[in-house]
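To keep things clear, I will list the structure first and then write my remarks on it.
Chain A is the first sequence line, chain B the second, and so forth, proteins listed ahead of strands; every chain is numbered from 1.
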Amino acid sequence: MFQFIVRRLIQLIPVLLGVSIIVFSLMHLTPGNPAQIIAGENAPKETIEQIENRLGLNDPIPVQYFNFVKDAVMLDFGSSWRTSLPVSEELWPKFWVTFELAVYSTIFSVFLGLIAGIISAVRQYSFADVGIMLVALFGLSMPNFWFGLMLMQWFSIKLGWLPPTGWGSPEQVILPVITLGTMGAAVVARMTRSSMLDVISQDYIRTARAKGLKERVVIYRHALKNALIPVVTVIGLQFGSLLAGAVLTESVFAINGMGKLIIDRILARDFPVVQAAVLVIAVVFVFVNLIVDISYKFLNKRINMD
Amino acid sequence: MSQETILDIKDLRTSFLVEDFEVKAVDGVSFKLPKGKTIGIVGESGSGKSITAMSILQLLDKPGKIMGGEINFKGKDLTKLSEKEIQNIRGNEISMIFQEPMTSLNPVYTIGQQIRETLKVHQGLNKQNGTKKAIELLSLVGIPSPEQRVKQYPHELSGGMRQRVMIAMALACNPELLIADEPTTALDVTIQAQILELIKDLQKDLGMSVIMITHDMGVVAETCDYVAVMYGGKVVEYQDVKSIFKSPKHPYTVGLLNSIPRHDTDVDELEPIKGNVPSPKDMPVGCRFAPRCPFATELCEKELPSLDTQADGSEVRCWVYTDRWDGDPEVNVRESKRTAESE
Amino acid sequence: MSQKELLKVNNLKQHFPIKGGILGRTVNHVKAVDDVTFDIYEGETLSVVGESGCGKSTTGRAILRLDEPTDGSIEFDGVDLLSLSRRDMRKKRKDLQVIFQDPYASLNPRQTVGKILTEAMAIQNAVPKEKRRERAIELLETVGLNADQIDRYPHEFSGGQRQRIGIARALSVDPKLIICDEAVSALDVSVQAQVLNLLKKLQREFNLTFLFIAHDLGVVRHISDRIIVMYLGKIVEIADKKSLFDNPQHPYTKALLSSIPTPDPEVKKERIILKGDVPSPINPPQGCRFHTRCPFATDICRQEVPELRNLDNMKEGHRAACHHIEKIAAEH
C-alpha cells in the first residue's frame, strides 16, 4: 500500500509540471505587455521598463518559468496587478468558501445519489425506479445556473424561506448546495443503479443467497460494497466538474468565492491571481483523484498492491 | 427399493416470464433421490438441468418462476415454504456449489469471513468459534495451511482452491443434500479429478445425498448412482448408472453416448446427433427430440410421450416402448448408426 | 502420409514482461512458452494439449504472430515467418488460418455470412471478385450449411452453425495450415461430434494440415495423428497418438490420462491424483517444472532440466522429458 501511494505521488510530478507550464504560458500567450497593463495605458516608458525589470520580464522564458515554479512551490504567487496585495492573501479566504461549497455539495450528491441508486436497482422497473431515473435525467440535463435561479425564485422570493444570496449561515448554504449538488447526485444515482444491477447478477450474489442469508444482508453486505467501487471513481471525477460548476453557482448566489474571483480578475486582466487560482484548482483536483485512486485500491482488493 | 427417499420431485415446472411470453425451461420434471446416494442430471445446454437445480432452492434469476409441481424434501414441499423458511434451509440442510469457482466467492471479503457468515446465520457461532470451525472445514476439504488461508481474499487462490472453499462453505452446517451444479466444468482435468474425489470421499464420510448436474458423461459414470437424462426441459430417461451406459433406452441417450470422443478407445467416426439443440423458446410440439431422432414417426411429431416405468425399473419417455408405437416393431434404438446412415 | 515438414518451430520462447515497482519497470517475466521445438508434417493433425497456463494457446498465437515471440524461429513452408515484415506476414496469413473457441466473438455481428466470407477472400485476393459469392455458397455447402443462409447474420445461427461459419471463413482462402484453438470446446457434445467429423472430412478432401490446440483428451484422441503434451511452457512428451495413449512415459502424461473421467461405470482404473495446483509461470520451478507435483521426483529433478529423450521401449518419434523414464517403466 505504501509503495503504491509513493508511486502515485511520483507519477503526479509530470502532471503538476504540465499544469504549471500551461498556467505559466497563460500570461505569455495573452497579447499585450504585462508591464503596460500594470502601469496603465499612458504610463511613461521608464515606468514600464522599471516594472519589467522588477518582474523579471526581460529574463529568458525558461528562467522566468523556473522562478515561477520556485515561488509557486513556496506558495508565493507574487502580488496582484490590480490591488498590489500578495496573491495568497487575496486567494485563501475565497478558496475556503469555494472548498466548503464543493465539499458540502459532494456530500449532498453522494448521500442522495447512493440512496436513490440503491432503491432504483433493488426495485428495478418499479414505479420508484422509473420515477427516480426520470428525476435523475432531469437533474443531469438542466443547466445549473437556471436551476439555481428557479430555486431562488421559489424558496427565497415567493416563499421567503431562505436567503437568496450570500454565504456563511446554514440557511445560506442550502440553496447553493442543492444547485451545485443535484447534477452530481443524478450522476451518482445512475452510476450506483447500473453498478448495483451489474453486481446483483454476479455469481457471488447467488452464492450469498444460497447460504441462506436474508435479502437485506445480501444487498447491503454483499452487493453494495462491490457496487461502490466504480461509484467512487465517478465521485472523484465529479469533484472536478463541481469546481467548474461552482463558478456559475457562486455568480448566481453572489457568493464571494474563487469562482467569482476568477471571473472578476480575468475581466481585469489580473493574471497573477488568475494563475494562482487555476493552479490551486488543478492541484486540488489532482489530489482528490489521488485520494479516489487510493480508496479505490483499498475497496478493491483484487487489484495488486505493488 | 426399500431405501428412504430424501428428495422427491414431482412434475416440476419452471418458466421464465418475459412480457407476455412464457419460456418453459423446466417442463414437468420428476425424479426421486434415495438418501445417501448421488443422482446425476445430464443434458446439454438448454435442457433445463441447471434451472431444475436452481428451482430446488428457489435461487432462480429474476423472471424465473416455479409454475407448479412439488419438491418434497424430507416430507416438506419446498415450493410451499415462505421466503424465511426457505432461507433456513439454504446453506443449512441443503447446500449448493456452482460452476464458476472464480466468480462464486465475494471478492471483497476474506475466505474466513465468508465461511463464518454461514455458521453465524444457521448456528449462531461467534467470530472466534466461527474462525475455528472455518479452519477445520478448510482442512477437511484439503486446503493446505488453513490458518493462513482464512485471512486471504478469493483472488489469492487458484480456481481449484476456490472450489474447495465453496465446498467447505457448503459443508459448514452438515447439509443432508448437496447440489453440485457443474462443479468441475471450469477446472482443469487434474484439478477436476481432485475435486470429484473430494466430493465422493466427503459424501461417504458424511452420508450426504448429492445431486450432480453435469454435461459430462464421464463425470456421471464416475460419481453417480442414478442418472436422469434431460432434454428440452423434460426427463427423457432415468436409470441406475450401470444400466444407462450398458443399455441406454432413449434414442437421445444413445446419441449422446455415441457422440462422445473417447480418450480410452479409438473410434473412426463419431456418430453425432443431427441438427441442433432446440431453444426453449421454440420447442417442438410432440416429442422434444423428434426433429433430431432417427426413428421419429408421425406419432412422435404430434404427441408427447409420457415418462413410463419399464419392466426393468427404468423410466423412459419414448413411443418406441409403448403399445402405440407406429414405427418398425423390430426397431433397436441402440443400433442408431445403421438407421442414421440409411436415411 | 508424406513426411515433408510444413512448419518447423525451433526453440520458441514467449516471455511476457510484468511491470511493477515504483517506476513501473519490468520486474519479471511470465514464461508462457519456454524453449519449445517441434515440426508439423504436411497433411497431419498435430495436437497440443495441456492444462490452463501450459502455453498451448500462446504457442498458436506466436506462430500466427499475433504476439511477437521473444526468441526462436518459426519456419513455414521454407519461409522464416519471424523475419517477414508486417505486410508480408499479412499476405502469408492466406496460408495460415485460425479458428477460435468462441465463434461468435470472432464474427462481425453486422455482416451477413456472405459478406464475412467474401471479405476474407477480398483481403487476401484469393478469388476473383465476380466469383466470390459463388465460392461463398460453395463453402457454406462444404461445411454443411445451406446456400440460402448466405444473407443471414451470425446471431441467427446456433453455436455449432457459427463454428461452421468460422471454418468456412478459414477455408475461403485455401490455407495450408489451420490452427484450431479450442475450436470445439464451447460446443455441446452432440454438436461437437458433428464439427469434429466435419474437420476430419475437410482434411481428407483438401489435404489440410491442422494444429489442434485443446484440453479435452477425448477430442484429441479422435482427431490427432500426433500429440504434444505441454506443462508450464515446456513440452513434456511428444508422440504419435497410439503411443501416447497406450504407452505414455512422462508421469504428467500418465496423471493427465488417468484424471479423465471415463464414460463407463464398469471400468475401474488406477487413478493418479496429482497434489496441488500448477505453479505460477512467473517463477516456474527450477529443474523439471513438474517436480513439485511429481510422485517420482528426486534431487536431480529439482536441479536439472530434463531433455526430450527417445528410449528403446518407445516408438520412433516418441520422446519424453523426464529423468526417470527407465525407473518408472521398470516399476510398472
(request) Measure from the side-chain N and O atoms of C:Glu51 to the backbone N and O of B:Thr190, and report whether any donor-acceptor pair falls under 3.5 Å. (result) yes
(request) Select one option (side chain, backbone, both, neither) describing which atoms of C:Leu256 are under 4.5 Å from chain B's heavy atoms. (result) both
(message) So which atom in B:Glu44 and which in C:Val189 form the shortest heavy-atom distance, rounded to 0.1 Å?
(response) OE2-N, 3.3 Å
(request) For chain C, find which of B:Asn276, B:Leu196, B:Thr184 contributes the most heavy-atom pairs closer than 4.5 angstrom. (result) B:Asn276
(message) If you compare all heavy atoms of C:Leu274 against all heavy atoms of B:Gln194, which two are closest, and at what distance to 0.1 Å?
(response) O-NE2, 2.5 Å
(message) Taking side chain as everything from C-beta outward and backbone as N, CA, C, O, which of these in B:Val189 sits under 4.5 Å from a heavy atom of chain C? Side chain, backbone, both or neither.
(response) both
(request) Evaluate side-chain contact (heavy atoms from CB on, under 4.5 Å) for B:Arg262 paired with C:Arg221, printing each intermediate quantity in order. (result) CA-CA 7 Å; B:Arg262 299 279 295 253; C:Arg221 176 164 198 162; over 6 Å; no
(message) B:Phe98: which residues meet the ring-ring contact (aromatic ring centres under 6.0 Å, His included) condition with it, sequence neighbours left out?
(response) none
(message) Counting heavy-atom pairs closer than 4.5 Å to chain C, which one of B:Gly142, B:Gly160, B:Ser158 comes out on top?
(response) B:Ser158
(message) Heavy-atom cut-off 4.5 Å, strictly under: side chain, backbone, both or neither for C:Lys275 against chain B?
(response) backbone
(request) Measure across B:Ile273 and C:Ser190 and return the closest heavy-atom pair with its distance rounded to 0.1 Å. (result) CD1-CB, 3.6 Å
(message) Taking C:Ser259's backbone N and O only, do any of them form a donor-acceptor pair with B:Gln192's side chain (distance below 3.5 Å, no angle check)?
(response) no
(message) Only heavy atoms, only distances under 4.5 angstrom. Which residues in residues 192-206 of chain C are near chain B?
(response) C:Gln192, C:Ala193, C:Gln194, C:Leu196, C:Asn197, C:Lys200
(request) For C:Asp240, check salt bridge (Lys or Arg N to Asp or Glu O under 4.0 Å) against everything at least two apart and list the hits. (result) C:Lys315
(message) Tell me which of these, B:Thr265, B:Val241, B:Leu256, B:Val219, has more heavy-atom pairs under 4.5 Å with chain C than the rest.
(response) B:Thr265
(message) Less than 3.5 Å apart, any donor N or O on the side chain of C:Thr262 or B:Asp264 sitting next to an acceptor on the other?
(response) no
(message) Which one wins on heavy-atom pair count under 4.5 Å against chain B: C:Leu257, C:Val278, C:Asp277?
(response) C:Asp277
(request) Could you tell me which non-hydrogen atom of C:Pro265 sits nearest to which non-hydrogen atom of B:Lys242, and how far apart they are? (result) CG-CA, 3.9 Å
(request) Just jot down the side-chain hydrogen bond (donor to acceptor under 3.5 Å, both in side chains) partners of B:Thr38, sequence neighbours excluded, or say none. (result) B:Gln203
(request) Might you confirm whether atom NZ of B:Lys200 has over 12 heavy atoms from other residues, nucleotides or ligands at distances under 6.0 Å? (result) yes
(message) For chain B, which candidate among C:Leu217, C:Ile260, C:Val220, C:Ile272 shows the most heavy-atom pairs at distances under 4.5 Å?
(response) C:Ile260
(request) Of all the heavy-atom pairs spanning B:Ala221 and C:Asp264, show the shortest one and how long it is. (result) CB-N, 3.5 Å
(request) Name the member of B:Glu222, B:Met161, B:Met217 that forms the most heavy-atom pairs with chain C at distances under 4.5 Å. (result) B:Glu222
